[in-house]
Structures are given as structure tokens and as C-alpha cells.
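If you're wondering where the values come from, they're calculated on a predicted model, not measured in any experiment.
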Amino acid sequence: MLRGFYNSASAMVANQRYQETLTNNISNANTPGYKQDQGVKRAFPEMLIKESGRLQLPVKSGLSLPQNRDIGSMHTGMYLQETVPSFTQGGLRETGTATDVALLQKGAPDETGFTFFNVRNEDGETRYTRNGNFTVDGEGFLTTNKGNYVLNAEGDPVQTGGMEFTVRNDGTVEIDGEEEPLGITYTPDASLFIKEGDDLFGAGEDAVTEEARGREDVEFEVRQGMLERSNVDAQATMTEMMSNYRSFELNQRVLRAYDQNLQSAVTEIGRVQ
């Protein structure tokens, strides 16, 4: 009985954590460049139950032999193993604002390959983002909407001097006749990137990063005055939330039934007459 109790409880915990993931996706449905998280549910290892005992031989012999008979398998519940971002291209939305820049990936040699803008976080380290909702700070530097410097191909902050600048489709910023290419990184396996908050990604230990312009087989395009939408399908996510909630509710009922049976076992079956 207790096995079923724990199985239902573990399923409820997994459903609750997955619901939090789906809720976060919905809350960021309008965040430019946001990549939705997908939950991966796994079952705990399945166990094989065996019956251990002794086989009694005929009475005259007075002997017995050990026996170990298979009964069957036992499931030990489930858990949410991890959440993985889905790096699919979001649709583009025109804003008409000069500081808004969308990164459109047109082709890559690797199915898991993806491109990112290079930015600098508060600790002075290079991070990566798909959110091109940029602005210009008081010193004339191009920054993200969180205040992180947008970097050029050399790893230095981009100085625009104001709102009057042009970004070509190849990612080159034109300022008073001078050209400065935006830093755009390509990774062959974006799943190795780690979300760090503020729309930033960090490269994992095994992640490979390289300048996107250095590879002829990587095709991308930069669109000024546009933003990439999040890749969250709000309707599909709401449907998934309802399905996950029903699963949680079902396991809750099973848990309640086990609890009632345990209560009966303690208060009625074990009562001394």
C-alpha cells in the first residue's frame, strides 16, 4: 500500500514542477527572443520483486532448500528530470524602432546549431541573447533592456553616440560613415547553453562557440526595426497546463484513497475488541 502512496506523491511533485515550467513559459509569451522550456519526465528505475524463502522437502527427509522465485516488476514513481530550452526561431514583429534588432537564422549545418547576439553581463563576462530589444544608454553605448553592453565582433561595447544609426542585414552597424560589426556567435549545439536570467544564456562546459561570420555554412540575417517573438505557443501551452493539472488531480485522488485506507487500517482493523 505504501508503494502506491509514494508513487502518487512523486507524480504530484513532478506535475507541480512541470506546471511551474509551463507557467513561466506563459508569463514570457510576449518577451522578445524568449525560448520556451520543455520538461523531461522520467520514471524511477523499475525493480524486480522476488520471493525469498525455503522449499520444504518431504517430511521424512527433514530437509528444506532455499528458493528465490520471481514475482514481477514494481514501478517506483516518476520525476521531472530536467527542463531544456527549445531553440526554434520565433516569428518577427515590426516595431519601427531603430534600436530594435532581430536575428533571423536562415541556415545552419547542424540541426541543433543556433546564433546569438554577444553581450556583457554585470561581471564583465560574455553572455548570449536572442532578445534584440536594445537601447542606448546615457554614454551612447548600445545596451540590452537590462543595461548589459552589446558587443561588437572584437568583444568591445558598441558605441553609437545616439539613436541615429543603421544596422545592415549582415549585422554591420553604420555610424557617421564608419562600420562596426555586431558580435554574433554560433554554436553547433545550443542545448549546451544554460539560461541565466535576464534573457541571457551562458555557454556550458562542453559548449562550442565561434564567430558566426567565420563560417560560410552559417546563414543569418539581422533586421533593424524588428523584434523576434518568443517561440511560446500560448494555446498549446494552456492545453498542456490543463492536461498536467488533470494528471495532478488524479494522483491527488489516488493519494487520498490510500490515506483513507491507512486510516481504516489503524483505527478499525487494528482495534482490540
Side-chain angles (χ1 to χ4, degrees), residues 22 24-38 84-119 127-136 142-153 158 160 163-175 179-191 193 195-201 209-213 215-238 240:
L22 295 173
N24 186 60
N25 288 340
I26 283 291
S27 64
N28 285 282
N30 294 321
T31 301
Y34 176 79
K35 301 304 173 187
Q36 66 175 340
D37 289 317
Q38 297 177 325
V84 181
S86 171
F87 291 96
T88 57
Q89 176 75 48
L92 301 186
R93 175 172 61 89
E94 186 173 358
T95 64
T97 304
T99 54
D100 286 340
V101 182
L103 182 56
L104 177 63
Q105 180 157 315
K106 304 179 68 175
D110 310 285
E111 293 184 0
T112 55
F114 217 60
T115 51
F116 298 84
F117 291 115
N118 297 353
V119 299
R127 291 295 182 265
Y128 311 95
T129 186
R130 291 286 298 192
N131 188 347
N133 185 206
F134 300 149
T135 186
V136 177
L142 190 65
T143 68
T144 67
N145 56 9
K146 302 296 183 180
N148 300 305
Y149 289 121
V150 178
L151 305 179
N152 60 19
V158 176
T160 64
M163 303 290 288
E164 300 297 329
F165 61 92
T166 302
V167 181
R168 297 204 305 254
N169 288 350
D170 64 355
T172 301
V173 181
E174 296 182 352
I175 312 165
E179 298 181 352
E180 188 172 7
L182 290 174
I184 299 177
T185 288
Y186 173 77
T187 178
D189 190 357
S191 65
F193 273 27
K195 280 189 174 181
E196 296 186 351
D198 292 339
D199 305 324
L200 300 182
F201 290 90
T209 59
E210 50 190 313
E211 173 61 37
R213 294 183 182 84
R215 297 193 54 160
E216 297 180 355
D217 52 357
V218 176
E219 299 179 14
F220 66 90
E221 189 173 322
V222 178
R223 303 280 185 87
Q224 186 177 18
M226 305 185 75
L227 287 175
E228 179 187 4
R229 300 176 185 270
S230 75
N231 64 354
V232 177
D233 186 333
Q235 185 174 358
T237 304
M238 288 296 295
E240 186 69 17

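When atom types are taken as modelled, the side chain of Asn231 and the backbone of Ser86 share a donor-acceptor pair closer than 3.5 angstrom. Looking only at distances, a side-chain donor or acceptor of Lys35 sits under 3.5 Å from a matching main-chain atom of Thr88. For the pair Glu228 (side chain) and Gly90 (backbone), a donor-acceptor distance under 3.5 Å is present. With hydrogens and angles ignored, the 3.5 Å screen pairs a side-chain donor or acceptor of Thr112 with a backbone N or O of Pro188. Judged by distance alone, the side chain of Asp37 and the main-chain N or O of Asn25 form no donor-acceptor pair under 3.5 Å. In terms of modelled atom types and a separation under 3.5 Å, the side chain of Arg213 and the main chain of Gly171 share a donor-acceptor contact.
How far OG1 of Thr95 is from CG of Leu227: 5.0 Å, rounded to the nearest 0.5 Å. To the nearest 0.5 angstrom, Phe116 atom CZ is 12.0 Å from Ile184 atom CD1. Residue Asp189 holds its CG atom at 6.0 Å from OG1 of Thr187, rounded to the nearest 0.5 Å. Summarising the geometry, atom CD belonging to Glu219 is positioned 11.5 Å from atom OG1 belonging to Thr115; distances are rounded to the nearest 0.5 Å. Note that OH of Tyr128 and CG of Asn118 are 6.0 Å apart. Values are rounded to the nearest 0.5 Å. Rounded to the nearest 0.5 Å, atoms CG (Leu182) and CG (Leu142) are 7.0 Å apart.
Within the 4.5 Å cutoff, the side chain of Met238 has heavy atoms near those of the Ile26 side chain. Within the 4.5 Å cutoff, the side chain of Phe165 has heavy atoms near those of the Gln224 side chain. The closest side-chain heavy-atom distance from Leu103 to Phe114 is not below 4.5 Å. Side chains of Val218 and Pro109 form a contact here, defined as non-hydrogen atoms less than 4.5 Å apart. Residues Phe134 and Thr144 are in side-chain contact: their nearest non-hydrogen atoms beyond the backbone lie under 4.5 Å apart. Looking at heavy atoms from C-beta onward, Lys106 lies out of side-chain contact with Gln89 at the 4.5 angstrom threshold.
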Subject >> Verdict with supporting geometry, Tyr34 and Val232, side chain to side chain contact (heavy atoms under 4.5 Å, CB included) >> reply: CA-CA 8 Å; Tyr34 176 79; Val232 177; 3.7 Å; yes

Subject >> Stepwise side chain to side chain contact (heavy atoms under 4.5 Å, CB included) check, Leu92 with Arg223 >> reply: CA-CA 9 Å; Leu92 301 186; Arg223 303 280 185 87; 3.9 Å; yes

**OP:** List the steps and the verdict of side chain to side chain contact (heavy atoms under 4.5 Å, CB included) for Val119 and Tyr149.
**Re:** CA-CA 6 Å; Val119 299; Tyr149 289 121; over 6 Å; no

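The number of heavy-atom neighbours closer than 6.0 Å to CG of Asn169, taken from other residues, nucleotides and ligands shown, is above 12. Annotation: Glu111, atom CD; neighbour count of heavy atoms from other residues, nucleotides and ligands within 6.0 Å does not exceed 12.
Between Gly113 and Ala108, the shortest heavy-atom distance links the atoms O-CB, 4.4 Å. In terms of heavy atoms, Ala29 sits closest to Ser230 at O-OG, 2.6 Å. Smallest separation of non-hydrogen atoms from Gly33 and Arg130: O-CB, 3.6 Å. What you find for Phe220 and Ala212 is that their closest heavy atoms are CE2-CB, 3.8 Å.
Here the rule is side-chain contact (heavy atoms from CB on, under 4.5 Å) with Thr99, and of Asn145, Asn133, Val136 only Val136 fits it.
Ring orientation note: the planes of Phe193 and Phe201 are tilted relative to one another, at an angle of 30° to 60°.
For the residue pair Thr129 / Asp199, no side-chain donor-acceptor distance below 3.5 Å is found, with atom types taken as modelled. Asp110 and Tyr186 are linked by a side-chain donor-acceptor pair at a separation below 3.5 angstrom, with hydrogens and angles left out of the test. Counted by atom type alone, Glu179 and Thr172 present zero donor-acceptor pairs between their side chains at under 3.5 Å.
For the salt bridge (Lys or Arg N to Asp or Glu O under 4.0 Å) condition, no pair includes a residue of residues 84-101, sequence neighbours left out.
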